Each structure stands twice: as C-alpha cells, then as structure tokens.
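Heads up: the structure comes next, in structure tokens.
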Amino acid sequence: MTITAFAQRLIDAIGADSVFTSTEDVAPWLADWRGMYRGHAQAVVRPRSTQDVAKILALCQSTGTPVVPRGGNTGLCGGATPDKSEQNVVLSLDRMNAVRSLDTIANTLVAEAGCILEDLQRTARDANRLLPLSLAAEGSCQLGGNLATNAGGVNVVRYGMTRDLVLGVEAVLPNGEILHGLRTLRKDNTGYDLKQLLIGSEGTLGVITAAALRLYAPTPVRQVVIAAVTSPRQALELYELLFAECGPRMQAFEFFTGECVDLVMAHVPGVRAPFGERHPGYVLVELADTADEQALGALLERVIEAAIERDLCADAVVSSTLGQVEEMWKLREEISEAQRADGPHLKHDVSLPIESIPEFMTSAEARVRRVCPQVRPFIFGHFGDGNLHYNLSRPAGEAADFMAKHGEAITAEVLDEVARFGGSISAEHGIGQLKRDYFAKYKSPLELRLMREIKAVFDPAGIMNPGKLL
C-alpha cells in the first residue's frame, strides 16, 4: 500500500511508529471477529496518549477523513469494522493501557481505554476490591469498547450495566478538543451528564480515552446452583423466589435451554452434563457475599429445597468447591463458542420485560417456525435482567449459506415480536452495522431526530464511525 499524503500527515503529527499503512499491517484491522464484515482503510493509527488522539481527530476533521475507533474486536454487530471507503483511518487505543490511579478509600479506579477488562479485574482484586463488569470476552475486550457499547454481562442483575459503573470519562471530540471529565465524585448534579451521551454511542460522537470506574467490596464467597426447569415460566417463578429470599446476594441468574447444553456437549471437550437426564431448560444462579461461606451455602440450600417442594424446579445441584463453580459456569459460557463451531447462525440480542419472557419465547418460536419449520433455536441469556440471546441455527443438513438466504425473513419475525412485547432489539451488543436498519425501524421518529441532532453537535463533519448506529 502506498503511503497517502494524508497518512504522511499523520506520521508527521504522531510519529511513524504509531501509523501503519502497509497492506499486511492494515489487513488484520479490517474485519470483525465473526467474519461478517470487511472494509478498507488507508491507515491504522495506534496513539500512545490522549494528546496524540486529539491530534489525529483534529487532522481528520480538517480533511473530512472518516475515523473508525476499534477496541478488542469482540463486538458482534460490526460496530468497529470500517466500511468500504478507502479513506478510512482505523483508530486503536490498545497502546493506551495504563491504570492511572486506584483509590481504596473512594473505591475508584481510573484506567485508559485500551486496558483489557480482565487485567482491570485483576488490578482491582489485587487491591482487595471488585470490578464487577464481567463478560465472556473479558480476556480480550478493551475498556473503551465496553464503554462505547455499554456492555452488559453476567452481573447486571446486581451491579447494572457498564454505564452504572462509570463516574467520569476523558474523551476527545472530533475537532480535537479534550473533554476532561475524569471526576470520581459520586454526586455531581451540575447540568447535563455528558459522559452518558458518550457511553453507548459506539464511537459516533467522539473517542473515550479513559474512565473513572466504581469499585466494590470483594465477594470471595461464591455459591452456584444449576437447576433443571421444565419451562421458561418455571424459571421465572424460580427467579421470583430467589430474588425475594436472597436479595442483593444474587449477582447472576442465567437461563439456557436443553438444546444449548446438547450443543456444548457436542462441541466443547471436557464439559459434563449437569444431571443424569436431559431437561428442557436450565437455570444457573450465583450468590456472592463478603464473608461466611457456611451461611451463604445454607441460605442457598434452604431456598433450593423450598423451590423443589413448591415445584419450581425439577432438580438442582449446588457447588461445593471453586472447581465446581468454574465447571458450572463453563457450561453456560461456552454456548456461543459451541454455536460458532456448529456453523453460521443468527444472533438476536434482545431484552424484554422479565415477566413477558415465557410468553415471548412461545410466540416468537411459532412465528419463526411459520417461516422456517426446521430452524434450530439455541436460546440463553441473562434472564434476571430481561436479556435473551435468541439465537437460531440452520436446519440440520442444510448448506452453510442457509441463513444468508433466509436470515432476513426470520429476523423480521423475531424483532417484530420483540417490539410487540415492548422490548429492545439490542440489550447489550449495540447497533453497529448489523442492526442499523432495524434501529431506524423500531426507534420512534422523535428519538431518531434527537439522536441525529446530538450527533450533529458533537460531530458536524460526520467523520466518526460512519455507517454505524444512525
């Protein structure tokens, strides 16, 4: 790849060691990890400081050059993949991975956007604190991407989404101005909360370069139970009992179908079935507390005994060691990888009023099967916060391109049903490229207009992550 005149200007601004233009250097940054999207770029920039990011964005705005911010490339909607424009500049903050401060009195951590989530969890743990944001990709996803998509994960039922953990942000606006908002205050009631506009904006308003995060007391005492349920309705009733009896100790309530377990058993070595017989559905619940493992275990066993007596689950197994905790979680966490190994499939990351989930699952399946009777559903998710991963795979024996041919019709049925129940077409994955047209369909005209007006204020030249979200 020949160095463009603009790429040379980038080199002059931030140094040759931060600008990559050769075909072999740029190629790995042009596709999403699922292989659904591939674009073009004239350069990849990897700045080392917020000031470098400011120089890059100011230069890009002055020339109308599109910028595509990219984190750990673990997103599922193509939000960090450039479009087909040869002018794109991919901006990675992977070199900005410093922890700037950790305060065990205020319980805050200030970290740069390129930090790997798992590293931040470890940093907090080493200081005897807890960073509760946890998701399957935590070993490779970056904080900036978590913020840009307002990531969810398994602990939302107790700690909330990413935005609930953020006290302040530092960000660079498209014109190169730096928003110095790294305040660690719990209370700051002085006008519009600008950080919340940037969180979840998918890089369309600016680039978050650092964030101040809330930390919590560690919860080293963990108990996990896997319960077999006969239906989503029974899972909902079990959730009501556990929420009432266990209160804030419940930090995860996951649901997955028997088909999901079958898939994991088929594609993931070393995983064991939780029970001797197969069940229609399973619930994984984790309780965590600061101390007294015996008391926590006794509480969980008492509640599960009550659940079995009241016919709220068919069977249950409670962890007795940390190894069992990890083994139980692996059964849930490997579902996505198992489905990936199974072949092309449709992912629907949706949220619903929790009480509507059982009815939605019944009606959505009926609609889908009218379009494709033999489709294979693999449904799992964070039941305790209303988030379902309503994933569908091609019928057994069909060609790998089946979903490419029929996916749009199937997705229309699923998302129409989500809308009918007052749900959201994206619970935690964002919009990106994948859901942009659906976003325009299901958002109200007023909401869309206000978002476009906000975009125009932040990014009047329209250089930030073109083709995403709006």
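Everything numeric in this text was worked out from a predicted model, so none of it was measured. When reading the values below, keep in mind they use all heavy atoms of this one structure, side chains included, and skip hydrogens, waters and symmetry mates.
- Between the side chain of Asp32 and the backbone N or O of Met36, at least one donor-acceptor pair lies under 3.5 Å.
- When atom types are taken as modelled, the side chain of Glu333 and the backbone of Ala136 share no donor-acceptor pair closer than 3.5 angstrom.
- Around the CZ atom of Arg158, the shell of radius 6.0 Å holds more than 12 heavy atoms that belong to other residues, nucleotides or ligands.
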Next on the checklist: Before you tell me yes or no, could you show the steps for Val99 and Leu120 under side-chain contact (heavy atoms from CB on, under 4.5 Å), namely the whole-Å CA-CA distance, both residues' side-chain angles and the distance that decides it to 0.1 Å?
Outcome noted: CA-CA 8 Å; Val99 173; Leu120 293 179; 3.8 Å; yes
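- With Glu202 contributing its side chain and Gly432 its backbone, the two residues share a donor-acceptor pair below 3.5 Å.
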Checklist entry - What's the verdict on salt bridge (charged side-chain N to carboxylate O under 4.0 Å, His left out) for Glu245 and Arg302, showing C-alpha distance, side-chain angles and the deciding distance? => result CA-CA 10 Å; Glu245 296 293 328; Arg302 177 177 61 78; 3.5 Å; yes
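- For Arg186, the CZ atom sits in a packed shell: over 12 heavy atoms of surrounding residues, nucleotides or ligands are nearer than 6.0 Å.
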Checklist entry - Yes or no on side-chain contact (heavy atoms from CB on, under 4.5 Å) for Val224 and Gln324, after CA distance, side-chain angles and deciding distance? => result CA-CA 8 Å; Val224 173; Gln324 285 186 327; over 6 Å; no
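- Judged by distance alone, the side chain of Arg70 and the main-chain N or O of Thr81 form no donor-acceptor pair under 3.5 Å.
- Looking at Lys468, its side chain never comes within 3.5 Å of a backbone N or O of Ile431 through a donor-acceptor pair.
- Side chains of Gln339 and Asn391: a donor on one and an acceptor on the other come within 3.5 Å.
- Asn107 and Arg214 share no side-chain donor-acceptor pair at under 3.5 Å.
- Within the 4.5 Å cutoff, side-chain heavy atoms of Phe439 are placed close to those of Leu470.
- Residues forming a salt bridge (charged side-chain N to carboxylate O under 4.0 Å, His left out) with Asp401 (at least two apart in sequence, or on another chain): Lys405.
- Between atom CZ of residue Phe458 and atom NZ of residue Lys455 there is a gap of 11.0 Å, rounded to the nearest 0.5 Å.
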Checklist entry - Checking side-chain contact (heavy atoms from CB on, under 4.5 Å) for the pair Leu392/Val414: CA distance, chi angles, key distance, verdict? => result CA-CA 10 Å; Leu392 302 164; Val414 174; 4.1 Å; yes
Name every donor-acceptor pair, under 3.5 Å, that has one atom in a side chain of residues 340-368 and the other anywhere in the protein, sequence neighbours excluded.
residue, atom, partner, partner atom, Å
Arg340, NH2, Trp33, O, 3.2
Asp342, OD2, Arg376, NH1, 3.4
Asp342, OD2, Arg376, NH2, 2.8
His345, ND1, Gly343, O, 2.9
His348, ND1, Tyr390, O, 2.8
His348, NE2, Thr411, OG1, 2.9
Asp349, OD1, Asn387, ND2, 3.1
Asp349, OD2, Ala427, N, 3.0
Asp349, OD2, Glu428, N, 2.8
Asp349, OD2, His429, N, 2.8
Thr362, OG1, Pro358, O, 3.3
Ser363, OG, Glu359, O, 3.1
Ser363, OG, Phe360, O, 3.2
Ser363, OG, Glu417, OE2, 2.7
Glu365, OE2, Arg369, NE, 2.9
Glu365, OE2, Arg369, NH2, 3.2
Arg367, NE, Glu413, OE1, 2.8
Arg367, NH1, Glu417, OE1, 2.8
Arg367, NH2, Glu413, OE1, 3.1

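- For Asp416 against Lys441, the heavy-atom pair with the smallest separation is OD1-NZ, 3.3 Å.
- In this structure, Asp119 CG and Leu131 CG are separated by 11.5 Å, a value rounded to the nearest 0.5 Å.
- For Phe255 and Tyr282, the gap between ring centers reaches or exceeds 6.0 Å.
- Minimum interatomic distance between Gly206 and Leu198 (heavy atoms only, all atoms of both residues): N-CD2, 4.4 Å.
- In this structure, SG on Cys372 lies 6.0 Å from CE on Met403, to the nearest 0.5 angstrom.
- Rounded to the nearest 0.5 Å, atoms CG (Leu93) and CD (Glu112) are 9.0 Å apart.
- Thr209 places a side-chain N or O within 3.5 Å of a backbone atom of Glu170 that can act as its donor or acceptor partner.
- Between Arg122 and Glu138 there is no salt bridge, since none of the side-chain N atoms of the basic residue sits less than 4.0 Å from a carboxylate O of the acidic one.
- Relative orientation of the Phe275 and His279 rings is perpendicular, given thresholds of 30° and 60° on the angle between their planes.
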Checklist entry - Checking side-chain contact (heavy atoms from CB on, under 4.5 Å) for the pair Val317/Asp315: CA distance, chi angles, key distance, verdict? => result CA-CA 7 Å; Val317 57; Asp315 201 352; over 6 Å; no
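- From Glu293, atom CD reaches atom OG of Ser320 across 9.5 Å, with rounding to the nearest 0.5 Å.
- Applying the side chain to side chain contact (heavy atoms under 4.5 Å, CB included) test to Glu453 and every residue at least two apart in sequence or in another chain returns Arg449, Leu450.
- Taking all atoms of both residues into account, the shortest heavy-atom contact from Lys435 to Ile425 is NZ-O, 2.6 Å.
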Next on the checklist: side chain to side chain donor-acceptor pair (under 3.5 Å) for Asn88 and Asp83? Distances and angles first, verdict last.
Outcome noted: CA-CA 8 Å; Asn88 288 318; Asp83 61 18; 2.8 Å; yes
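- Distance alone, capped at 3.5 Å, places no donor-acceptor pair between the Glu398 side chain and the Gln374 backbone.
- Aromatic rings of Phe256 and Phe380 (six-membered ring for Trp) have centroids beyond the 6.0 Å cut-off, not under it.
- Residue pairs that meet the salt bridge (Lys or Arg N to Asp or Glu O under 4.0 Å) test with at least one member in residues 387-397, sequence neighbours left out, do not exist here.
- For the pair Ser319 (side chain) and Thr321 (backbone), a donor-acceptor distance under 3.5 Å is absent.
- Heavy-atom minimum distance, Asn73 versus Ala31: ND2-O, 3.3 Å.
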Item to check | Glu254/Arg332 under salt bridge (charged side-chain N to carboxylate O under 4.0 Å, His left out): CA gap, chis, key distance, verdict | outcome: CA-CA 8 Å; Glu254 302 287 299; Arg332 159 63 182 88; 2.8 Å; yes
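- Contact record, Tyr37 with Gly78: CD1-CA, 3.7 Å, taken as the closest heavy-atom pair.
- Proximity of a side-chain donor or acceptor of Arg249 to a complementary backbone N or O of Leu296 within less than 3.5 Å is not detected.
- Taking a cutoff of 4.0 Å between a charged side-chain nitrogen and a carboxylate oxygen, Glu259 and Arg278 qualify as a salt bridge.
- Other residues, nucleotides and ligands contribute more than 12 heavy atoms inside 6.0 Å of the OH atom of Tyr216.
- Scored by the salt bridge (charged side-chain N to carboxylate O under 4.0 Å, His left out) test, Lys443 finds Glu447 as partners (sequence neighbours excluded).
- Note that the OG atom of Ser134 and the CG atom of Leu117 stand 7.0 Å from one another [nearest 0.5 Å].
- Counting only distance, with no hydrogens or angles, the side chain of Gln121 and the backbone of Leu133 share a donor-acceptor pair below 3.5 Å.
- Residues meeting the side chain to side chain contact (heavy atoms under 4.5 Å, CB included) test with Asn150, sequence neighbours left out: Met161, Thr162, Arg163, Ile199.
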